[in-house]
Amino acid sequence: QVQLAESGGGLVQAGGSLRLSCAASGRTFSGYRMAWFRQVPGKEREFVAAINPFLGNTYYADSVKGRVSTSRDNSENTVYLQMNRLQPEDTAVYLCAAGMPNRVVQTAAAYDYWGQGTQVTVSS
């Protein structure tokens, strides 16, 4: 089992920045691909970003590419999502997920463990 806990969400004006954190506990963190998804009521979870273990290869959704970066600190069992130039359409609950690195990157079903999420609200 891996337990994930997100933090860092909040209310920000359009054009602002936020840094989300996801702290992991339980089984070995360093072997998992870590991902960020976001969800708004009535819609499916949308892939945002992911980072592989070991080499740290990163993946980003087209909608956030150039504005968002993800990183991980295996010594701290933490993954981060830095979001810049936020827009109202970025408003969502942001969830952290952990999964095996040999699976499809952008599919929510490929991830085994999920956090509860942190709310990000961007005002216009």
Side-chain angles (χ1 to χ4, degrees):
Q1 287 285 345
V2 176
Q3 292 79 42
L4 303 173
E6 303 92 339
S7 61
L11 174 64
V12 63
Q13 288 188 334
S17 299
L18 279 176
R19 188 192 195 205
L20 307 184
S21 299
C22 174
S25 60
R27 298 186 67 179
T28 305
F29 167 81
S30 60
Y32 286 94
R33 172 184 290 150
M34 301 301 296
W36 291 92
F37 286 75
R38 62 188 182 187
Q39 190 167 25
V40 297
K43 292 191 175 182
E44 293 186 355
R45 289 179 181 178
E46 177 191 13
F47 171 77
V48 177
I51 183 167
N52 277 354
F54 312 121
L55 295 181
N57 308 67
T58 54
Y59 309 85
Y60 298 99
D62 289 341
S63 58
V64 302
K65 201 170 291 184
R67 300 189 296 120
V68 163
S69 65
T70 187
S71 60
R72 63 192 295 161
D73 185 340
N74 288 337
S75 66
E76 296 291 333
N77 284 1
T78 302
V79 62
Y80 302 97
L81 186 70
Q82 176 68 44
M83 301 189 293
N84 302 318
R85 303 196 303 278
L86 284 162
Q87 299 301 315
E89 52 266 33
D90 295 316
T91 295
V93 173
Y94 283 72
L95 303 110
C96 175
M100 299 309 294
N102 59 343
R103 297 177 185 169
V104 176
V105 175
Q106 300 186 352
T107 303
Y111 295 86
D112 301 309
Y113 304 103
W114 292 84
Q116 294 297 310
T118 184
Q119 176 70 46
V120 171
T121 303
V122 185
S123 62
S124 57

Within one Ile-Leu-Val-Met-Phe-Trp-Tyr cluster: Met100 and Tyr113, side-chain cutoff 4.5 Å: yes

Hydrophobic cluster membership, Leu95 vs Tyr60, 4.5 Å side-chain cutoff: no

Spell out, as yes or no, whether a donor-acceptor pair under 3.5 Å connects the side chain of [X] to the backbone of [Y].
| X | Y | answer |
| --- | --- | --- |
| Thr91 | Val122 | yes |
| Arg103 | Arg33 | no |
| Glu6 | Cys96 | yes |
| Tyr111 | Val105 | yes |

Please round to the nearest 0.5 Å and tell me the distance separating atom [atom1] of [X] and atom [atom2] of [Y].
| X | Y | atom1 | atom2 | answer |
| --- | --- | --- | --- | --- |
| Ser7 | Arg19 | OG | CZ | 9.5 Å |
| Gln39 | Glu46 | CD | CD | 10.5 Å |
| Arg45 | Trp114 | CZ | CH2 | 5.0 Å |
| Asn52 | Asn57 | CG | CG | 5.0 Å |
| Leu11 | Gln119 | CG | CD | 9.5 Å |
| Thr78 | Met34 | OG1 | CE | 9.0 Å |

Closest approach of [X] and [Y], non-hydrogen atoms and distance?
| X | Y | result |
| --- | --- | --- |
| Gly9 | Leu20 | N-CD2, 3.6 Å |
| Val104 | Thr107 | CG1-OG1, 3.3 Å |
| Leu81 | Ala49 | CD1-CB, 4.0 Å |
| Pro88 | Ala14 | CD-CB, 4.1 Å |
| Trp36 | Val79 | CZ2-O, 3.7 Å |
| Asn84 | Ser17 | OD1-OG, 3.0 Å |

Residues which pass ring-ring contact (aromatic ring centres under 6.0 Å, His included) with Phe47, listed by chain and number, not counting sequence neighbours: Phe37

All N/O donor-acceptor pairs, side-chain side in residues 63-70, below 3.5 Å, sequence neighbours left out:
unit_1 : atom_1 : unit_2 : atom_2 : d
Lys65  : NZ     : Asp62  : OD1    : 3.3
Arg67  : NH1    : Arg85  : O      : 3.0
Arg67  : NH1    : Asp90  : OD2    : 2.8
Arg67  : NH2    : Ser63  : O      : 3.2
Arg67  : NH2    : Asp90  : OD1    : 3.0
Arg67  : NH2    : Asp90  : OD2    : 3.4
Thr70  : OG1    : Tyr80  : O      : 2.8

Steps toward side-chain contact (heavy atoms from CB on, under 4.5 Å) verdict (Val12, Met83): CA-CA 11 Å; Val12 63; Met83 301 189 293; over 6 Å; no

